[in-house]
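The shown structure was predicted, so the numbers you read here are calculated from the model rather than taken from an experiment. Indexing begins at 1, ligand by ligand and atom by atom, following the structure's order.
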Amino acid sequence: MQSIQMVDLKTQYAQLKETIDSGIQEVLQSAAFINGPAVKQFQHDLSSYLGGAEVIPCANGTDALQIAMMALDLQPGDEVITADFTYVATAEVIALLKLKPVLVDVDPLTFNINAEQVAAAITPRTKAIVPVHLFGQCAHMEPLLELAAKHKLFVIEDTAQAIGATYTFADGRQAKAGTMGTIGCTSFFPSKNLGCYGDGGALFTNDAALAQKIRMIANHGQSVQYYHDEVGVNSRLDSLQAVVLNAKLPHLDRYNQSRRWAADYYSAAFASTDWLTTPRIAPYSNHVFHQYTLQLAEGMDRQALRDHLAAKGIPCMIYYPVPLHEQKAYQQEGNYPVTEKLCRTVFSLPMHSELNEETLNYIVEGVKSFRAM
Ligand SMILES: *Cc1c(COP(=O)(O)O)cnc(C)c1O
């Protein structure tokens with residue numbers, strides 16, 4: 001058996017090598033490194049995949065979040081509500097723009113932002129909600145969208161971990177993650193479900209005027225060259241990265257299907273243990289398993305488990321060990337029992353589109369043998 005990786009990008013590349021290599025050669029020959037045909041094609045194809053939302057590529061997922069908040073004209077001091085249990089980028093850009101991050105606790109079953117907590121955190125200064133579709137499953141958008149409509153708030157979806165996930169509304173209508181709010185933001189960091197070979201990101205919106213403004217802000221605030229109507233940034237997806245994304249996008253659903261298959265394998269194998277809680281799949285969203293994250297029973301030694309797995313060559317990561325509200329840069333008072341518990345108990349196992357039964361079985365047996373010690 002090959003050495004086990006959290007994410008296996010080499011095997012995925014081997015399968016697409018010809019397409020990617022020839023696409024890269026074409027870019028090198030044409031020298032259209034910025035805004036070349038590959039970028040235009042990617043925008044177009046991803047837009048179709050998402051059901052028609054406009055796609056504005058940018059340099060990375062963090063930039064996407066920042067550009068979204070700039071495009072919505074959020075002003076210093078405006079409050080933006082987001083989850084306490086997330087990757088730092090979400091809160092970082094809020095603070096960077098001198099907005100006020102208001103962190104709320106998450107749902108214990110899905111790890112996603114809890115609409116009741118959001119409702120309780122809304123004040124007259126609240127301008128936006130940023131749900132993060134954590135680990136590959138959509139946050140419960142319907143109650144969030146209702147709250148947003150009632151209080152006239154923007155909704156910026158952080159879908160860096162959930163590209164390809166589908167949300168189902170109560171009336172049966174379906175939408176792709178990132179296309180339900182005012183703006184969706186994603187990342188094409190190599191390890192994401194749709195990853196390039198460097199940095200990349202994109203914004204999605206169904207509002208044509210807003211799309212225009214986002215394009216302008218991502219391009220130094222200009223829509224006509226050298227005429228700057230807004231303060232912007234420089235944030236581009238380059239053509240070489242677009243080549244990789246064009247090669248992978250047609251396989252995204254299959255990749256996500258493989259992740260679900262691996263997750264089902266893990267969950268079936270762990271169902272009989274009383275010291276592990278397997279991920280729950282909400283009725284309103286499918287799961288694209290950016291991460292497969294278990295909870296270890298309280299009181300058990302997570303570091304000992306990690307050491308046990310490391311000795312068997314099984315990688316294991318903690319996403320995330322510290323709640324945002326306890327980070328030095330983002331300290332705030334509040335009640336966060338769920339996030340605090342998750343930060344103490346979660347661990348994530350290898351998850352990617354190339355896992356096979358032999359590897360999964362080895363990982364499962366490795367985890368289970370921890371209890372036997
Ligand atoms: C990866 C990630 C980001 C940031 O994306 P970058 O491309 O690394 O800037 C933002 N939010 C979440 C939830 C992420 O997982």
Side-chain angles (χ1 to χ4, degrees), residues 6-7 9 42 46 55-70 80-97 99 101 103-104 106-107 110-113 128-139 141 144 155-165 177-178 181 183-204 218 233-238 240-242 244-245 248 256 259 285 287-293 317-324 327 329-330 339 342-343 346 348 351-352:
M6 283 301 285
V7 178
L9 297 173
F42 178 63
L46 184 58
V55 171
I56 304 97
C58 68
N60 58 68
T62 310
D63 271 11
L65 289 161
Q66 178 180 335
I67 293 164
M69 289 177 208
M70 291 172 74
V80 178
I81 300 174
T82 195
D84 191 32
F85 189 58
T86 176
Y87 183 58
V88 68
T90 325
E92 184 177 44
V93 297
I94 300 172
L96 189 70
L97 293 172
L99 313 171
L103 303 172
V104 300
V106 295
D107 177 83
T110 63
F111 315 152
N112 274 325
I113 197 164
I129 308 169
V130 186
V132 181
H133 303 317
L134 201 70
F135 300 155
Q137 180 167 227
C138 294
M141 289 300 289
L144 293 173
V155 176
I156 302 169
E157 297 174 69
D158 181 342
T159 190
Q161 300 188 1
I163 194 151
I183 300 177
C185 296
T186 203
S187 163
F188 305 120
F189 185 78
S191 65
K192 307 287 187 191
N193 291 34
L194 179 62
C196 57
Y197 292 165
D199 277 305
L203 300 96
F204 315 143
V233 295
N234 170 24
S235 190
R236 297 185 278 242
L237 179 75
D238 66 66
L240 292 172
Q241 301 308 334
V244 177
L245 293 166
K248 286 192 182 187
N256 285 340
R259 287 170 177 269
S285 174
H287 204 315
V288 296
F289 287 99
H290 178 61
Q291 300 297 345
Y292 182 84
T293 303
M317 297 291 285
I318 310 296
Y319 305 116
Y320 298 93
V322 182
L324 279 184
Q327 299 284 359
Y330 305 102
T339 301
L342 292 174
C343 289
V346 288
S348 300
M351 176 49 74
H352 51 82

Is Ser187 close to ligand 1, meaning an N/O of one under 3.5 Å from an N/O of the other?
yes

Below 4.0 angstrom from a heavy atom of Val132, which ligand 1 atoms are there? Numbered from 1 as shown, please.
13 (C)

Measure from the side-chain N and O atoms of Asn256 to the backbone N and O of Ala165, and report whether any donor-acceptor pair falls under 3.5 Å.
no

Hey, does the side chain of Asn60 reach the backbone of Gly201 with a donor-acceptor pair shorter than 3.5 angstrom?
no

Tell me which protein heavy atom sits closest to atom 14 (C) of ligand 1, plus the residue, atom name and distance to 0.1 Å.
Lys192 NZ, 3.1 Å

Interatomic spacing from CE in Met6 to NE2 in His352 - rounded to 0.5 Å
9.0 Å

Are Val288 and Ile163 close enough, and set up right, to give a side chain to side chain contact (heavy atoms under 4.5 Å, CB included), and what steps lead you there?
CA-CA 8 Å; Val288 296; Ile163 194 151; over 6 Å; no

For ligand 1, which atoms have a heavy atom of Gly61 less than 4.0 angstrom away?
5 (O), 6 (P), 7 (O), 9 (O)

Pro131 pairs by side chain to side chain contact (heavy atoms under 4.5 Å, CB included) with which of Ile156, Val155, Asn112?
Val155

What protein heavy atom lies closest to atom 13 (C) of ligand 1? Include the residue and the distance to one decimal.
Asp158 OD2, 3.4 Å

Please write down residue, atom name and distance for the protein heavy atom closest to atom 9 (O) of ligand 1.
Thr62 OG1, 2.5 Å

If I apply the N/O under 3.5 Å rule, does Gln161 come out as touching ligand 1?
yes

His290 touching ligand 1 at heavy-atom level, < 4.0 angstrom
no

Applying ring-ring contact (aromatic ring centres under 6.0 Å, His included), name anything that partners Phe188, two or more places apart in sequence or on another chain.
Phe42

What is the closest protein heavy atom to atom 3 (C) of ligand 1, and at what distance does it sit?
Tyr87 CD2, 3.7 Å

Counting each atom of ligand 1 from 1 as listed, which ones have a heavy atom of Asn60 under 4.0 Å away?
7 (O), 9 (O)

What I want to know is whether Asp199 and ligand 1 share at least one N or O pair that is separated by under 3.5 angstrom.
no

Quick check against the 3.5 Å criterion: does Glu157 have a side-chain atom that pairs as donor or acceptor with the backbone of Ile183?
no

Check whether Ser235 reaches the backbone of Ala59 with its side chain - one donor and one acceptor, N or O, closer than 3.5 Å.
yes

